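Structure first, then comments.
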Amino acid sequence: MKPKVGFFDFTSCEGCQLEVLNFEGELVELLKLVDIVNFREAMTEKSDNYDIAFIEGAITTEAGINRLKKIRERAAVLIAMGTCACLGGINCLKNFRTMEENLKIVYGDAAHYYNTIPARPVDAVVAVDYYLPGCPMDKDEFIALVKALLLNKKARLPNYPVCVECKLAGNVCVFEKGETCLGPVTRAGCKAICVTNGRHCWGCRGLVDDPNIDSEKEILQKHGLTTADILERFRHFNGYLEVSK
Amino acid sequence: MTKHPSEEKSLYLPRVAEITSVETIAQKEKLFEFNFQDGKELGHKPGQFVEISIFGIGEMPISISSSPTKKGAFELAVRAVGDVTNALHRLSKGATVGIRGPFGNGFPVDEFTGKDVLVIAGGIGLFPLRSLINYVVDNRKNFGRLIILSGSKTANERMLVNELERWQVMEGVELLETVDIGNEKWGGTIGPVTTLFSQIDIIPQNTFAVTVGPPVMYKFVIGECQKKGIPDERILMSLERRMKCGVGKCGHCQINGVYVCQEGPVFSYARIKKDKLTEAI
Amino acid sequence: MKELNINVHHITRVEGHGNITVNARNGKLEEITWSIPESPRFFEAMFRGRSYEDVTWMTPRICGICSIAHSTASIQATEAAFGVEISEQTLLLRKLLFHAETLQSHVLHFYFLAAPDFLGVGSVFPLVDTHTEVVLRALRLKKLANDLADLIGGRKTHPLTCVVGGFAKLPEVSELKAMRQKLVQAMDDMQETVKLFKGLEIPNFTRETEYIALKDLKEYAFINGDIASTDTGATPIDNYLEISNEFCVPQSTAKFSKHNRDSYMVGALSRFNNNAQQLSPAAQKAAEELGLKAICHNPYMISIAQIVETIHVIEDAISLIDKLTIRGLRGEKPPVKVRAGRGIGAVEAPRGILFHDYIYDDKGILVNANCVIPTNQNHNNIQKDMEALVPEIIDQSQEEITLRLEMLVRAYDPCISCSTHFLKVKFTQ
Amino acid sequence: MTEKVLSKQNLNIFINTLLSRGEEIVGVKKKEGKYAFGKIADAEEVCLDYDITLLPPSMYLLPQREALLKFNIAERPVAFPVIEANPFILFGVHPYDIKAIELLDTAFSTDNLDTNYLNRREAATIVGVDCLNPNPNAFCPSMDTAFTDKGYDLLLTDIGDSYVIAIGSEKGQELLKGCPDTQEATQVELKRKEEERQKALGKYKVALDTPLEKLPQLLDKSWNSPLWDERSESCLSCGSCVMVCPTCFCFDVQDDIELNLVEGERYRQKDACMLVDFAAVAGEGNFRKDKVSRYRHRMYRKGKYIMERFGRPGCVGCGRCASACLAEIASPAETFNLMKGESK
Ligand SMILES: Cc1cc2nc3c(=O)[nH]c(=O)nc-3n(C[C@H](O)[C@H](O)[C@H](O)COP(=O)(O)OP(=O)(O)OC[C@H]3O[C@@H](n4cnc5c(N)ncnc54)[C@H](O)[C@@H]3O)c2cc1C
Ligand code: SF4
Ligand code: SF4
Ligand code: SF4
């Protein structure tokens with residue numbers, strides 16, 4: 001029996017769902033292994049009968065909370081897909097302003113039409129079995145997870161920082177170029193794609209299990225960042241950690 | 001580089017073995033019997049281990065549980081704790097796996113000749129010790145006394161019960177058992193395995209103590225052995241480490257300068273002290 | 001008498017959440033609404049107080065499908081604010097990367113999102129068995145688009161290499177040459193695509209409206225030019241607010257727009273209607289073959305316009321690569337001097353014209369942002385189209401009406417999740 | 001063997017001749033102001049006056065990821081060994097990296113022969129070059145790795161307008177046959193070579209306070225030093241120090257399967273004792289849970305364990321780790337010197 005798979009989107013850019021549609025090389029093989037029964041971005045049919053639920057996006061409305069709880073009840077395995085779902089991601093930046101202020105900035109006089117709650121990751125609402133962090137999520141990690149599920153194997157995320165993959169990629173460390181980086185405390189798995197492409201790490205995959213935040217802060221300070229800069233940098237994708245503490 | 005490596009075969013290629021029987025020991029433990037497809041013997045010593053593979057899942061180290069005196073097949077007793085162990089538990093008779101080994105030094109059974117052997121097992125530590133016990137049983141006249149102290153968490157978690165009962169009644173085997181937490185059915189000793197030491201009398205100069213169990217147990221067992229007067233060179237234990245290659249290359253099992261897979265897994269307490277392998281116990 | 005009760009809660013195969021409601025009682029239409037319940041994300045509020053580098057990094061995350069368009073518009077707005085001049089090489093690379101997204105999005109749309117309607121299935125997945133060749137071709141084309149995005153932008157979604165002033169990493173000339181070859185080969189697949197769509201029956205529905213798109217004298221415009229309207233002619237992008245005129249409506253978290261008439265359209269068909277003569281020869285030929293002629297008033301033809309544009313984009317990408325490889329690529333580190341000021345960026349996202357408008361302080365910190373998203377501009381046109389369409393097809397079954405309405409919405413290829421991120425802000429300057 | 005001399009211009013011709021013959025050359029190229037080994041397409045790309053490369057050349061002998069087996073589990077599982085080794089030339093390797101490769105040779109041929117490594121090693125031709133502009137973090141003289149008289153097939157020394165070439169093996173001799181206009185080195189040129197080497201020795205900024213052979217004893221005494229805690233406090237467990245190290249060779253083994261869930265491979269990939277999970281086992285167990293135990297383990301490997309096991313130090317003093325470590329704690333020389341200072 002092929003497992004039934006559903007994709008469900010909450011507040012996000014839908015880039016992670018798009019990544020699934022981007023599996024050109026693997027899509028045909030993948031469809032031999034699983035039945036996709038729910039995927040609003042790509043299909044009309046909907047089914048409430050699924051084994052594996054992929055959740056994309058942060059939770060930002062009361063209605064979203066209820067919908068997510070229903071999905072959790074139905075799915076044997078629930079996977080948070082992408083940084084928004086795993087960490088709240090960039091959506092949580094709005095949590096640092098009052099909701100009134102947000103509404104006024106964006107909707108002006110029409111603010112009263114719209115009601116949202118502070119953004120939160122999926123596991124702030126329901127239990128999550130597996131995480132696929134990344135903005136957007138990493139295709140190889142997605143496929144590895146699907147294979148692991150089918151083989152009855154536990155999928156593990158790397159528990160070491162991005163520096164490992166960055167070094168293996170042979171990059172020049174951005175600190176040597178006068179920039180700063182969250183790589184030393186951010187969970188690897190992205191193959192240091194940002195540094196490899198001339199940027200620095202923004203922490204989109206969240207922190208490793210036991211990050212040495214104090215040391216990272218010291219290093220950032222030594223390289224010219226103020227405490228406020230550092231906070232802003234961490235907030236980019238990991239803002240929820242800060243408010244939930 | 002004098003050898004011609006290209007003529008050597010891969011270190012990492014397992015031989016194919018078939019599962020010839022599976023027996024459930026307890027809730028999470030099973031005993032597997034294997035035969036090599038090419039009909040060859042494993043050719044091991046008690047206390048050695050193999051690397052067993054389930055392709056697509058992975059490879060892991062498991063002690064050989066059967067005695068080399070058992071001909072043809074060999075046995076592994078495995079507790080399901082993770083990927084490979086669970087995958088193995090899902091296999092049944094007729095399935096094939098990959099086996100590399102035997103690896104490691106094993107128990108120094110030759111040194112035991114004519115000596116008393118005191119075996120102290122904690123939990124599934126009994127699995128590797130079974131190879132030693134049955135080796136002594138099968139070569140009974142070569143050894144002195146065989147004393148087995150076996151501890152389990154609860155009465156329901158006693159491992160290899162049939163085997164324990166067999167040894168219990170066997171001539172020349174002294175078996176004492178205890179459980180950490182008793183229940184109404186359990187009429188025996190209650191307490192950690194070290195409580196059994198007060199029930200035995202040994203001649204320390206003539207005894208080898210061999211213990212396998214969870215690392216936390218070792219400190220206490222060593223203490224009891226020392227109290228009995230057994231010299232540190234004769235207190236032996238098998239160390240568990242993370243292991244990948246089994247052949248002294250990958251570095252995972254290293255404690256200080258020692259590669260456990262090569263120089264162990266069996267070490268005397270004297271060696272552990274000398275090489276400061278303290279993180280092991 | 002006819003009773004209708006259509007309630008499409010979250011239309012599928014579009015990006016983001018939108019609902020269609022149609023109610024008729026005793027043959028009388030009581031309600032036709034196109035509404036957007038998507039949860040707003042407040043990007044504009046999040047931008048405030050952040051440095052321009054952060055803004056560049058955040059903007060792609062507005063929308064996964066048009067991440068390159070947002071990134072480009074954003075960078076251009078910042079460059080305009082700071083007065084940064086970009087090099088010829090940067091401009092060529094930017095256009096090439098932009099083409100990658102147009103390709104990605106168009107192929108996704110006409111094959112994955114729109115085609116299933118014409119082939120009578122609910123998604124592309126069952127087509128894997130029934131129309132294997134079509135699916136494999138679609139996947140090939142999509143892969144090509146994604147490979148191009150990977151090569152220039154560093155990845156498929158949320159480009160990495162684009163920074164204010166230039167590119168953080170350059171492709172190798174050898175990689176560009178290999179890509180060129182793949183683009184040339186893709187033209188065969190596009191010929192097959194034209195054949196496939198020629199054979200499909202496009203619903204016949206027309207409603208005259210205003211068509212707005214970027215227009216550039218030199219070329220079929222994607223990332224530069226003025227704002228052109230089929231009603232009122234061209235005006236510089238700085239006047240975009242006069243065009244977009246956004247307003248809030250209760251049924252939607254996204255804003256609606258109107259200009260010269262009740263509503264206007266942006267996107268592939270708008271671009272075609274304004275700039276058809278500037279298409280590449282092969283694209284013009286395909287348009288003819290597919291029966292697309294400017295000015296076309298049938299919104300269902302948007303998908304066809306996308307196919308035509310795809311051919312144009314492939315041809316243009318080839319010539320961009322030729323220009324780049326002839327010049328050779330040089331590492332450049334463009335100086336960026338921050339200064340206080342306002343800047344506006346406008347690009348043709350796959351779904352239509354997109355504006356980013358920023359005000360920075362003298363430290364390069366964003367003070368105020370306004371972004372006008374193509375789909376917002378189309379919402380009102382969709383609503384008006386529905387109002388015109390339903391009475392024409394009211395005699396059909398509820399299922400048929402529903403499908404026709406869904407196909408209409410899908411034709412617009414709405415990108416709702418990004419449309420809800422922004423609404424107009426009143427500038428207090 | 002006698003030494004030869006080759007003009008710089010002719011060296012380029014030599015390289016291009018090799019390339020046109022279809023030889024695969026891995027050499028040192030510029031990368032964003034630094035240097036890195038990579039495939040060479042033209043002699044123009046080759047840098048021979050570099051200080052240090054980002055990653056060590058040993059990664060071409062022990063790749064970051066390497067298949068060990070291919071398997072198929074369709075009906076009866078079968079597995080085949082994968083041993084890949086295509087001839088290639090490792091061009092422009094510094095002596096310390098040559099010595100690091102010698103350590104790997106020892107490690108992979110002691111007790112059990114690792115055919116995957118050894119075959120690739122056999123397929124490699126090593127053209128060394130003396131390091132005349134040492135990296136500021138390097139301490140090669142202390143580790144006896146500033147120069148080497150073996151471990152290479154050819155070894156170049158820059159003497160200004162030309163290179164002195166030492167021939168280290170028949171393979172090297174053979175390779176040099178394709179080289180235009182080599183001359184026997186004159187006494188003057190050999191003297192120049194010696195002078196250049198002496199000059200280079202004066203450029204090292206870091207040195208070990210303890211004689212190399214005394215390192216194990218020093219560490220024997222230092223196990224309980226409070227310095228371990230102090231120094232490891234800021235360790236990020238980022239593994240950078242290990243990832244760039246030419247003498248680190250630990251690996252992890254994993255299975256990977258294709259999407260058809262039938263064919264797959266077992267591969268090994270670089271692993272690092274500085275990473276949190278290196279010694280973790282099933283359940284919650286971890287034999288080196290805290291950063292101090294990992295940090296100390298690495299330093300002991302560098303200064304004691306490897307030396308005692310393989311008879312040569314586990315560090316060649318290249319200084320890559322010190323350059324890579326953001327916390328500025330990874331340099332073995334600096335650490336050993338502190339221990340020395342304390343034990344006084
Ligand atoms: C010398 C030796 C003998 C052993 N004998 C037995 C035995 O007879 N019976 C038994 O049930 N168990 C035994 N173990 C423990 C057994 O190896 C682990 O339980 C097993 O590796 C867990 O693998 P897993 O894939 O199921 O777990 P996961 O947690 O999924 O482990 C993944 C991988 O990590 C490594 N690993 C994890 N835990 C350990 C560990 N404790 N030791 C070594 N590597 C580990 C393995 O490579 C394993 O494949 C022995 C271990 C050693 C070192
Ligand atoms: S660039 Fe960032 S991720 Fe890479 S090594 Fe430096 S700090 Fe680590
Ligand atoms: S010593 Fe330095 S480089 Fe090594 S793991 Fe610690 S912080 Fe990283
Ligand atoms: S430990 Fe540091 S100095 Fe020593 S060989 Fe490794 S990277 Fe070089």
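From a predicted model like this one, the values you see are computed outputs, not experimental measurements. Letters go in sequence order (proteins before strands), and every chain restarts at 1.
Within the 4.5 angstrom heavy-atom criterion, only side-chain atoms of C245(B), from C-beta onward, approach chain D. Interface remark: Q262(B) contributes side-chain atoms only to the contact with chain D (heavy atom separation under 4.5 Å). The contact between L13(B) and chain D is made by backbone and side chain atoms together, counting heavy-atom distances below 4.5 Å. For a residue to count as touching a neighbouring chain, one of its non-hydrogen atoms must lie under 4.5 Å from one of that chain's; by this rule S53(B) touches chain D with backbone and side chain alike. With a threshold of 4.5 angstrom between heavy atoms, D271(D) approaches chain B through side-chain atoms but not through N, CA, C or O. Of the atoms belonging to A280(D), heavy atoms from both backbone and side chain fall under 4.5 Å from chain B.
The closest side-chain heavy-atom distance from F127(B) to V212(B) is not below 4.5 Å.
Cation-pi geometry between R301(D) and F249(D) is satisfied (NZ or CZ under 6.0 Å from the ring centre, within 45° of the ring normal). A cation-pi arrangement is absent between R231(D) and Y295(D) under the rule of less than 6.0 angstrom and at most 45 degrees off the ring axis.
Top candidate by heavy-atom pairs under 4.5 Å with chain B, chosen from N112(D), T110(D), I73(D), I257(D), is N112(D).
Between R309(D) and E263(B), at least one side-chain nitrogen of the basic residue sits less than 4.0 Å from a carboxylate oxygen of the acidic one, meeting the salt-bridge criterion.
A donor-acceptor contact shorter than 3.5 Å is absent between the side chain of N72(D) and the backbone of V78(D).
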